[in-house]
There are 2 protein chains.
Amino acid sequence: MADTAGAEKERDALRAAHLYYLQDLTMEAIATELHTSRSSVSRLLGYARDTGLVEIQVKSPLDRLSSLQERIRVKHGVTAHVVPVPDSTAEVDRLERVAMSAARILGPFFDSNMTMGIAWGSTLSAVSRHLQEKVTHNSQIVQLNGASNARTTGIGYASEIMSRFGTAFGAYVQQFPVPAFFDDPRTKEVLWRERSIRRVLEIQKHMDIALFGLGSAYADVPSHVYVGGYLDDDDFQQLGRSQVVGDVATVFYRADGSSEDIPMNARSSGPSLEWLRKVSRRVCVVSGRSKLPALRGALAAGVMTDLIIDETTAHSLLED
Amino acid sequence: MADTAGAEKERDALRAAHLYYLQDLTMEAIATELHTSRSSVSRLLGYARDTGLVEIQVKSPLDRLSSLQERIRVKHGVTAHVVPVPDSTAEVDRLERVAMSAARILGPFFDSNMTMGIAWGSTLSAVSRHLQEKVTHNSQIVQLNGASNARTTGIGYASEIMSRFGTAFGAYVQQFPVPAFFDDPRTKEVLWRERSIRRVLEIQKHMDIALFGLGSAYADVPSHVYVGGYLDDDDFQQLGRSQVVGDVATVFYRADGSSEDIPMNARSSGPSLEWLRKVSRRVCVVSGRSKLPALRGALAAGVMTDLIIDETTAHSLLED
DNA sequence: AAGCTCGTTGCACATATGTGCAGACGAAAG
DNA sequence: CTTTCGTCTGCACATATGTGCAACGAGCTT
């Protein structure tokens, strides 16, 4: 009966949604038709929205789309999705708002039979909290880089993000149970030959979408990797020597976008940039001007095809 | 400046829509960000919705879609879109609600570079009044059958419908300035050789979507063709002798779907059913049980690929 | 310049919508 | 059969949203 009840709720929600969004009836009127109270209808509609029965899209008229987006496309060759946010907004709110927009923009990108790879970090965490449900079939979410370190397994944090994505899309979740960074690159080499690991790498290789934020040591809110105990002093010095400006899924790069000969990368569990660039859609979420250097580097590296970014930072990006 | 002002309004509307639908801000908050009053925001959002900047879709989860739709698909091989309407609804309201739903369901079907052929009649008129704007490029709307008769040119009525479609989609409108029925079939034959007419026929031949209602002499609200002075007593008798149960764009058919050897069809300006069946998407809008015989005939004739229908009638359709 | 039309604005009010809460219900556990 | 727990319901209230109206201002006409 539990199943039947659930199905009934969905039926009602669907009917309510149809009456509300397609026929412009008031909730009061819908309540009458459904023989229930107005408040229940309000709740049904809420359910219908959360659950993806209703999809709301905001579309820039393709012609005169925000000149900002157009200019970013011309200058950097990526599709930008600029999130309007007042300049005065505090960093946290800004991230929250970009994340919410990102979550909704993402919906149409992902569908049945697809595989999406996701990194983890404060940005992705925020995005995961705002996802709307969308049922898909035969789809999976795969973790791009390990999350455990010397101090914690990091699993709670990363897997929480993963599972939120999984449930939102009804997708199978493939975790990647390895440390973010190996102490010894040889350990990685060896482990990478294990079948259980190769299976995950194989899935990563076939992903249709990659989703990631940018790590930056200079960020106002320094990225999770830089404060979570993943790196020690030596590591930081090494990164400095390599002139690193940021990272994507724990893989570091320089201002010119190069990532070769950065020793840390040999120990990183993330996918090499070269590898990443083979994914057909690569979505990067960025919020806050302090990530600008990291963003410029990432653009130079050509790791993204889509950029979801707050307005202020987008403006700064175009300066000089 | 008028242009600039319009663009500014659109920009604001887009930003408001983004803040409202993608970031869940309240109108009050948006008003602050936009430095305007809350009521203006309410109006901006209304504008954004009407104008197609915001698109709201209600999607049946593809798996367990209303068994009604599924059963219609199995039994009749068409994609049904069942519009929920309480059984007790009066005929006029019912038509109005089906039409509103139809208008919104239609949105995603039509896009740039497409041609849509439309018939005229009370159903289409109702649909046309509920269309939401959606900008397209290089698209056109073509009239499927003539509209003038012995008493009136019928042009006001039909062209009003046409132009509403045209403006809603920003499409070029191609009228078909011929009578609905010729007195003499030979006149039609001759006229059909005219280049101006052949041009329209040519456009019809390449249409991507056809949209029509069903005509029925038995309908509670007899269809426009049957009461608008298009047919005289002789015509009616002739239709009776031919065992006609309905018409699509002034082309008549019998209960078994056949339309051969119905003398009236030789005088009709509408596209033959055989011709119509070549269009890849053929959407039929039906409201009211009195159209059932006409609907059954049309299904037998295989003239439609999509059926937008009210719930009550859909139920009746499946009986016996 | 005065008079006009048309479109916009914010206000004030009428409606419509969201939500905490207490009670009702049903399934699972005791 | 009772208890417990979680879920759902409608009520009442707090908020959020839609809209008639009067005032305003930009262009245009006379």
Side-chain angles (χ1 to χ4, degrees), chain A residues 1-56 58 84 86 93 96-97 100-101 104 129-130 132-133 167, chain B residues 1-56 58 84 86 93 96-97 100-101 104 129-130 132-133 167:
Chain A
M1 197 60 187
D3 182 45
T4 314
E8 188 176 342
K9 178 175 182 182
E10 184 166 70
R11 250 190 335 98
D12 283 355
L14 203 52
R15 173 176 274 253
H18 193 123
L19 295 172
Y20 190 78
Y21 290 108
L22 260 33
Q23 292 187 24
D24 283 346
L25 295 200
T26 147
M27 292 187 176
E28 190 74 51
I30 298 174
T32 309
E33 292 200 9
L34 255 59
H35 305 293
T36 180
S37 72
R38 192 185 52 69
S39 21
S40 295
V41 175
S42 170
R43 282 186 268 253
L44 275 182
L45 289 173
Y47 171 80
R49 280 187 299 263
D50 297 341
T51 213
L53 293 180
V54 172
E55 197 172 305
I56 300 183
V58 176
D93 293 339
E96 211 60 23
R97 289 173 62 163
M100 188 179 296
S101 303
R104 304 200 174 172
R129 267 178 281 121
H130 293 293
Q132 291 190 42
E133 280 187 35
T167 56
Chain B
M1 197 60 186
D3 182 43
T4 313
E8 188 175 343
K9 179 175 181 181
E10 185 165 68
R11 249 189 337 98
D12 283 355
L14 204 52
R15 172 176 273 255
H18 192 126
L19 295 172
Y20 190 77
Y21 290 107
L22 261 32
Q23 294 187 21
D24 283 346
L25 296 199
T26 148
M27 293 187 174
E28 191 74 53
I30 299 174
T32 310
E33 291 200 11
L34 256 60
H35 305 293
T36 180
S37 72
R38 194 186 51 70
S39 21
S40 295
V41 174
S42 171
R43 283 187 267 252
L44 275 182
L45 288 174
Y47 171 80
R49 280 188 299 262
D50 296 342
T51 213
L53 293 180
V54 172
E55 198 173 305
I56 300 182
V58 176
D93 293 338
E96 209 61 21
R97 289 173 62 164
M100 188 179 297
S101 302
R104 303 199 174 172
R129 267 177 281 123
H130 293 292
Q132 290 191 42
E133 281 188 34
T167 57

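Below, read A as the first sequence line, B as the second, and so on, with proteins coming before strands; counting in each chain starts at 1. Because the structure is a prediction, the values reported are computed rather than measured.
- Atom CG of B:Asp12 is separated from atom CG of B:Leu45 by 11.0 Å, given to the nearest 0.5 angstrom.
- In this structure, B:Tyr20 reaches the D:dT17 phosphate: one of its side-chain N or O atoms is under 4.0 Å from OP1 or OP2.
- Counting heavy atoms from C-beta outward, A:Ile56 and A:Arg104 have side chains that stay 4.5 Å or more apart.
- The structure places CD of A:Glu28 at 12.0 Å from OG of A:Ser42, a figure rounded to the nearest 0.5 Å.
- One can place OH of A:Tyr21 at 13 Å from C1' of C:dA16, the figure rounded to the nearest angstrom.
- Note on A:Ser40: only backbone sugar-phosphate atoms sit closer than 4.0 angstrom, heavy atoms only; bases stay farther off.
- The residue A:Thr26 sits close only to the backbone: its heavy atoms come under 4.0 Å of sugar-phosphate atoms, none of a base.
- Phosphate contact (OP1/OP2 of C:dG10, side-chain N/O of B:Thr36, threshold under 4.0 Å): present.
- The CZ atom of B:Arg38 sits 13 Å away from the C1' atom of C:dT9 (whole-angstrom rounding).
- Atom P of nucleotide C:dT17 and atom CD1 of A:Ile30 are separated by 8 Å, given to the nearest angstrom.
- In this structure, CG of A:Asp12 is placed 13 Å from C1' of D:dT9, rounded to the nearest angstrom.
- Counting atom types as modelled, B:Arg43 pairs no side-chain N or O with a base atom of C:dG7 as donor and acceptor under 3.5 Å.
- Remark: P of D:dT15 and CE of A:Met27 are 18 Å apart, rounded to the nearest angstrom.
- At least one side-chain nitrogen or oxygen of B:Ser42 sits closer than 4.0 Å to the OP1 or OP2 atom of D:dG18.
- Counting only heavy atoms from C-beta outward, the side chains of A:Leu34 and A:Leu44 approach each other to under 4.5 Å.
- For the pair B:Leu25 CG and D:dT15 P, the interatomic distance rounds to 18 Å; values are reported in whole Å.
- Here the side chains of B:Val54 and B:Gln132 are not in contact, with every heavy-atom distance at 4.5 Å or above.
- Computed from coordinates, the B:Glu28 CD to C:dT17 P distance equals 19 Å when rounded to whole Å.
- Taking atom CG of residue A:Asp24 and atom C1' of nucleotide C:dT17, one finds them 15 Å apart after rounding to whole Å.
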